[in-house]
Amino acid sequence: MRLPGTRYQEHGWEQVRKLLGRCSVQAFRHFSAEQVLCPPGAQGTLLERYTEAVAAALRAADKTARAEAHGNSYGDSVSELALSLLFELQAQAGFWAALLAAIAAEHGRGGAFWHEAAADGILRKKFNDMYAGLRDKVDADNYSVSTGRPCSPNKIYTYRMLDTAYREVERLFAGWQQHQEQVGEILGRPLAGAPIEARQMKSIAGCKAEWIIRWSETLERHDGAPGPLHTRSKRFASLKNSPEKIAAMLAEIGDYEELSSNMDSADAWQGNGDSGAAALWLEDYWRVVGESEAAEHAGGAFADTPDRILPPADCELAADADTDADTADNADANDGANNTADGLAARARRQRAQALDDTPPAADDAALLAREQLVADGLSLPPRYLEQARLAQDGGSWTLRILSQDSLPIRLAVYHKLLGPDDATYPDEWLDPATGALPTLQQLAALDQISMPTLRKRRNEAIDRLHAAHDVSHNPNHNASHDVSHQAAPRAEAQ
């Protein structure tokens, strides 16, 4: 959601919240109980120390995938938004005082809980609540400055609720066949086919206030919980009886989004970031077709034959044969007996060592990096995702030695299968900032530029090699699946 003057209401807020929460917990562990439970007159000094510590932690995490992710459609990164909101605390000290009061109350029940790792969740929740209120206050003030109209944090919250409601109505309209009864109740008529409203509602400006009110009313019957306009809370109690007010707020959101939209950023925000990649692909496609047709008209060597992948030249085959012969001779000389178990094991070790470097053959080539960045951006991943994910690996790990001949997306698919998409041991550089987990298998297949069946086949083959390597190097009485899944954990690479 975009409104005049706002920066923290868009798609990147979830990652801003997580980054601030993690860095805040790290910084707070260094404060003693005497510092935290200080009198009101000393809270400013503690705030300065907290700000310095969190700012340092944010700068240290500045190159992680989460920090570099897009925070809003104006070009701010998650790291930039987190740092600017941190400094807003200096001007909004009331939020800091409320946080310390909440921490003091928790201290009265359990002591200096912020020093215990098990209480990280409690402390992170308190920081999340503080920053959630702070972002609405800052955006409300900036909205008032930009428009000259008064605005409160509660009104910003209301705008956000209506934007979320519109997204839900849009989702239900798109899947009307699975939600015919609920969509009919929202439209106020039974459905006899595809609703024309689903095609007519192009943006939030086309969403009717009556649909929002009826959607909220239907939630208790279809989802089991009352909608935001029909709860016992008084926050939106008057709004359900003011459709004209809802319509004005929806129109304001839609008008400003249209006015401020940047098509490139909007495409990425809507999940259509591959539009630029498609245009470039088509441009290359027509260029190649044009060159081919021109060659045919000129009577080229292959004018009468269909397009095909040419076999390697004889000189290339000869060079490969010479290389294979030299390798075999060296293996015989070094291992003594090429057919012995020791010789085969030594050869396998040499092959793994030669293939251990995961850097692509043309990693220094700007064109290759540009293609990788284009593919990652088209998948709504950070443009430098593959580059940073490679740097997060440890080349000496057991798992990487076994899977050295597999690409990085294949290894991530192995971890996805063995440990799940969101294991705590994964480095931040491996995670999709939008979900906080590994990319989906579809994303990994696209990163590797292979099909889903091929990805699954290569992943399963890699898992089989892990099991085989484990059986060779460990007691065969051990549970291979249990041991391999734990040795495959990226903690072995991250250490």
Side-chain angles (χ1 to χ4, degrees), residues 1-4 6 8-14 17 72 125 128-129 132-133 135-137 139-140 143 147 149-258 269-271 434:
M1 179 191 74
R2 292 195 301 276
L3 286 171
T6 63
Y8 303 101
Q9 303 298 322
E10 295 189 53
H11 52 287
W13 167 249
E14 187 67 15
R17 177 185 66 80
N72 59 28
K125 174 67 165 59
N128 288 343
D129 292 344
R135 70 149 172 169
D136 285 348
K137 172 62 176 173
D139 277 343
Y143 175 91
T147 63
R149 299 191 297 268
C151 184
S152 66
N154 189 61
K155 188 174 182 181
I156 291 291
Y157 187 90
T158 304
Y159 277 116
R160 192 165 63 248
M161 182 276 293
L162 291 176
D163 182 76
T164 302
Y166 158 69
R167 306 293 171 190
E168 283 298 305
V169 171
E170 183 183 41
R171 180 184 64 83
L172 291 172
F173 280 9
W176 67 271
Q177 292 177 314
Q178 293 77 34
H179 308 281
Q180 288 195 36
E181 182 180 356
Q182 188 174 7
V183 172
E185 293 175 5
I186 292 173
L187 295 176
R189 59 179 173 80
L191 295 184
I196 187 65
E197 293 85 352
R199 296 193 297 272
Q200 292 176 337
M201 189 176 67
K202 301 298 184 181
S203 71
I204 191 172
C207 184
K208 296 183 179 180
E210 293 80 7
W211 299 345
I212 299 295
I213 296 173
R214 293 171 188 160
W215 164 80
S216 177
E217 186 179 359
T218 64
L219 285 184
E220 188 167 11
R221 290 192 296 275
H222 293 276
D223 292 347
L229 300 178
H230 293 79
T231 62
R232 295 182 179 181
S233 172
K234 296 181 180 180
R235 183 189 292 269
F236 306 122
S238 62
L239 201 59
K240 66 181 179 182
N241 299 320
S242 304
E244 66 285 348
K245 185 176 181 180
I246 295 177
M249 297 177 76
L250 292 173
E252 183 180 1
I253 297 173
D255 290 345
Y256 187 73
E257 287 190 350
E258 182 179 3
W269 179 47
Q270 297 287 353

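Note that the structure is a prediction, hence the values are computed from the model and not measured. Heads up: numbering here begins at 1 and tracks the sequence.
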(message) Could you go through Q178 and L172, starting from their C-alpha distance and side-chain angles, then the distance that decides it, and tell me whether this counts as side-chain contact (heavy atoms from CB on, under 4.5 Å)?
(response) CA-CA 8 Å; Q178 293 77 34; L172 291 172; over 6 Å; no

(request) Provide the closest heavy-atom pair for C151 versus Y143 in the form atom of the first, atom of the second, distance. (result) CB-CD2, 3.3 Å

(request) Please indicate whether E258 has more than 12 foreign heavy atoms, meaning atoms of other residues, nucleotides or ligands, lying under 6.0 Å from its CD. (result) no

(request) Please round to the nearest 0.5 Å and tell me the distance separating atom CG of L187 and atom CD of E210. (result) 11.0 Å

(message) Can you confirm whether more than 12 heavy atoms, excluding those of K155, are under 6.0 Å from its NZ atom?
(response) yes

(request) Check whether any side-chain N or O of R2 sits under 3.5 Å from a backbone N or O of E257 as a donor-acceptor pair, and report yes or no. (result) yes

(message) Looking at every heavy atom in both A209 and A247, which two are closest together, and how far apart are they?
(response) CB-N, 3.8 Å

(request) Work out which heavy atom in P153 is nearest to a heavy atom in A140; give both atom names and the distance. (result) N-CB, 3.8 Å

(message) Is any side-chain heavy atom of R135 closer than 4.5 Å to one of R17?
(response) no

(message) Any non-hydrogen side-chain atom of R189 less than 4.5 Å from a side-chain atom of P195?
(response) yes

(message) What's the separation between atom CD in E170 and atom CE in M201, rounded to the nearest 0.5 Å?
(response) 5.5 Å

(request) Determine the minimum heavy-atom distance between L250 and C207, stating which atoms define it. (result) CD1-O, 3.5 Å

(request) Using a 4.5 Å cut-off on heavy atoms from C-beta on, say whether the side chain of E197 contacts that of I186. (result) no

(message) What's the separation between atom CD1 in I156 and atom CD in Q9, rounded to the nearest 0.5 Å?
(response) 5.5 Å

(request) Output the distance between atom CD (E185) and atom NE2 (H179), rounded to the nearest 0.5 Å. (result) 13.0 Å

(message) Quick one: does any side-chain atom of T164 pair with a main-chain N or O of R160 as donor and acceptor, under 3.5 Å?
(response) yes

(request) Using the six-membered ring wherever Trp is involved, compare the ring planes of F236 and Y157 and label them parallel, tilted or perpendicular (cut-offs 30° and 60°). (result) parallel

(request) Drop me the distance from T218's OG1 to R214's CZ, to the nearest 0.5 angstrom. (result) 11.0 Å

(request) Supply the atom-to-atom distance Y166 OH to M1 CE, rounded to the nearest 0.5 angstrom. (result) 14.0 Å

(request) Check the pair T147, L3 against side-chain contact (heavy atoms from CB on, under 4.5 Å), reporting the backbone distance first and the verdict last. (result) CA-CA 10 Å; T147 63; L3 286 171; over 6 Å; no

(request) Taking all non-hydrogen atoms of both residues into account, name the closest pair between P243 and I213 and its distance. (result) CB-CD1, 4.0 Å

(request) Using atom types as modelled and distance alone, determine if a side-chain donor or acceptor of S216 lies under 3.5 Å from a backbone N or O of I212. (result) no

(message) If you compare all heavy atoms of P226 against all heavy atoms of L219, which two are closest, and at what distance to 0.1 Å?
(response) C-CB, 4.4 Å

